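These numbers come from a predicted model, not from an experiment. Chain identifiers are assigned alphabetically (A, B, ...) following the order of the sequence lines, protein sequences preceding nucleic acid strands; residue numbering begins at 1 within each chain.
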2 protein chains.
Amino acid sequence: MTFSSKLIEKSVEAFAALPGIGRKTALRLVLHLLKQDKSVTEQFASAVVAMRSGIRECRICHNLADEDVCQICADTRRDRSLVCVVENIRDLMAIEDTGQYRGLYHVLGGIISPIEGIGPADLTVDALLERVGEGHLKEVIMAISPTIEGETTVYYLSKKLQPSGVVVSAIARGVSFGGDLEYADELTLGRSIVARVPYSR
Amino acid sequence: MTFSSKLIEKSVEAFAALPGIGRKTALRLVLHLLKQDKSVTEQFASAVVAMRSGIRECRICHNLADEDVCQICADTRRDRSLVCVVENIRDLMAIEDTGQYRGLYHVLGGIISPIEGIGPADLTVDALLERVGEGHLKEVIMAISPTIEGETTVYYLSKKLQPSGVVVSAIARGVSFGGDLEYADELTLGRSIVARVPYSR
């Protein structure tokens, strides 16, 4: 791609450095900004810079936060006896979007993965044990992706949490809503039969 | 999508306002920036702001430029007797990328479209006629997309240029390289037979 403007070239390169954005898409974004009022670009840039410099990690749950404590931990209407352990903020947001959970969270910051060299010390495991150690929690829900690394992490955490006496649960596994039985993998379908629940309407 | 951080929400909304970027993609971009060093975000923002505030229109060809005159018009090695008329900067870049053209350009800024209310006065037609009127040009090449509006624009421009005596040409139409004759539309295939060229190897 040949640019006759260094300013455009630099902006295209800045956009193209973002994941999933190629140079053609980047050019389209830049030309779009050029068509808008100057203030649009200025607001866009200042929002991104303010976000990057202002964002913090919640002191309690390690969620991303604007203050010392995130909005979820600060919300007094939430059930403070329940903690849901998630891998990252994306999983946290996915659960929040269901609108079905009103407890608190604990963001691990990853999962145990010997291949990638990530051990418990790289995660917020100690902070979780400390929270449980305070004695206010009734239940810790493991909402970790059902991969080998995920299962390892859940197993490790449940072992670590055992002495505290807190109830450890895991999100239900089974055939998804709208899913076709025919195409469900054997492991999931097998588990969904073994872990069947009483039918209620 | 539920955000526990206003800073993140604002950044996601800023990205999602760009064309072709939804909220999920916007969140991925924001989380990517959070993982990088602060300076990455600052450089990204400053590149975009500098571009938007610094960019100008070339005084001669109406291409986007960093200076009063764009790099192409300022390049003394280019053939100054040849002008290629294009609809927009994207078409200009596409032609530049072929590496086959060493003349100058003229960016119309659109094409004549009565439906969208775009007439010759909204385009840089007068500037083109002025350039031709100066008498240094030998040939004006029409590189306009072969749509109805495009053909109308080419017809209008060629009529306007006729009195000046300058040679007006249009880019060749025909079956594309790698194209399958079977799937070429009738109009293109018909024209490519009528406008056949002597075979040379």
Side-chain angles (χ1 to χ4, degrees), chain A residues 1-15 17-21 24-25 27-34 36 38 40-56 58 63-67 70-73 75 88-90 92-94 96-97 99 105, chain B residues 1-15 17-21 24-25 27-34 36 38 40-56 58 63-67 70-73 75 88-90 92-94 96-97 99 105:
Chain A
M1 208 179 269
T2 326
F3 295 93
S4 60
S5 156
K6 280 270 166 236
L7 291 168
I8 301 248
E9 187 169 3
K10 273 189 188 162
S11 286
V12 167
E13 271 164 15
F15 271 112
L18 298 173
I21 295 189
K24 284 217 168 176
T25 306
L27 178 64
R28 205 177 68 212
L29 300 180
V30 166
L31 293 179
H32 168 83
L33 285 177
L34 278 176
Q36 314 292 310
K38 255 184 204 179
V40 172
T41 305
E42 277 154 18
Q43 278 162 23
F44 170 76
S46 69
V48 177
V49 169
M51 182 272 298
R52 186 62 187 85
S53 64
I55 207 80
R56 289 191 254 174
C58 171
N63 181 14
L64 292 173
D66 299 346
E67 310 290 332
C70 79
Q71 281 181 14
I72 294 172
C73 286
D75 188 344
N88 53 41
I89 185 189
R90 245 188 298 229
L92 183 154
M93 286 174 70
E96 276 297 281
D97 285 344
Y105 289 94
Chain B
M1 209 179 266
T2 324
F3 294 94
S4 59
S5 156
K6 281 271 166 237
L7 291 168
I8 301 248
E9 187 169 3
K10 274 191 188 162
S11 287
V12 167
E13 272 164 15
F15 271 112
L18 298 173
I21 295 189
K24 283 217 169 175
T25 306
L27 178 65
R28 204 176 68 212
L29 300 180
V30 166
L31 293 179
H32 168 84
L33 285 176
L34 278 176
Q36 314 292 309
K38 256 185 203 177
V40 172
T41 305
E42 277 154 18
Q43 278 162 23
F44 170 76
S46 68
V48 177
V49 168
M51 181 272 298
R52 186 62 187 83
S53 62
I55 207 80
R56 288 192 256 175
C58 172
N63 181 12
L64 292 173
D66 298 346
E67 311 288 334
C70 79
Q71 281 183 13
I72 294 172
C73 287
D75 188 346
N88 53 40
I89 185 189
R90 246 188 298 228
L92 183 155
M93 286 175 70
E96 276 297 282
D97 285 345
Y105 289 94

| Option that, when pairs with chain A are counted at under 4.5 Å, heavy atom only, ranks first among B:D75, B:L64, B:I72, B:L34 | B:L34
| Looking at B:Q71, B:R52, B:E96, B:M51, which one has more heavy-atom pairs under 4.5 Å with chain A than the rest? | B:R52
| query | Looking at B:K10, B:Q43, B:E9, B:R28, which one has more heavy-atom pairs under 4.5 Å with chain A than the rest? | reply | B:R28
| For the candidates B:P19, B:A17, B:A65, B:A14, which exhibits the highest count of non-hydrogen atom pairs separated by less than 4.5 Å from chain A? | B:P19
| said: Just verifying a value: how many Å separate B:K6 NZ and A:E67 CD, rounded to the nearest 0.5 Å? | reply: 12.0 Å
| message | Rounded to the nearest 0.5 Å, what separates atom CZ in B:F15 from atom CZ in A:F15? | response | 6.0 Å
| query | Can you check whether B:C70's main-chain N or O pairs, donor with acceptor, with A:S4's side chain at less than 3.5 Å? | reply | no
| If you tally heavy-atom pairs under 4.5 Å against chain A, which of B:V49, B:V12, B:I21, B:V48 wins? | B:V48
| field | Qualifying residue, where the test is side-chain contact (heavy atoms from CB on, under 4.5 Å) with A:I55 and the options are B:V30, B:I8, B:L33 | value | B:I8
| Atom group of A:N63 that falls short of 4.5 Å from chain B, counting heavy atoms | side chain
| query | For chain A, which of B:G20, B:A94, B:S53, B:C58 has the most heavy-atom pairs under 4.5 Å? | reply | B:S53
| task | Look up atom CG in B:D66 and atom CZ in A:F3, then write down how far apart they are to the nearest 0.5 Å. | result | 12.0 Å
| Top contributor to chain B contacts, counting heavy-atom pairs under 4.5 Å, from A:I89, A:L31, A:T25 | A:L31
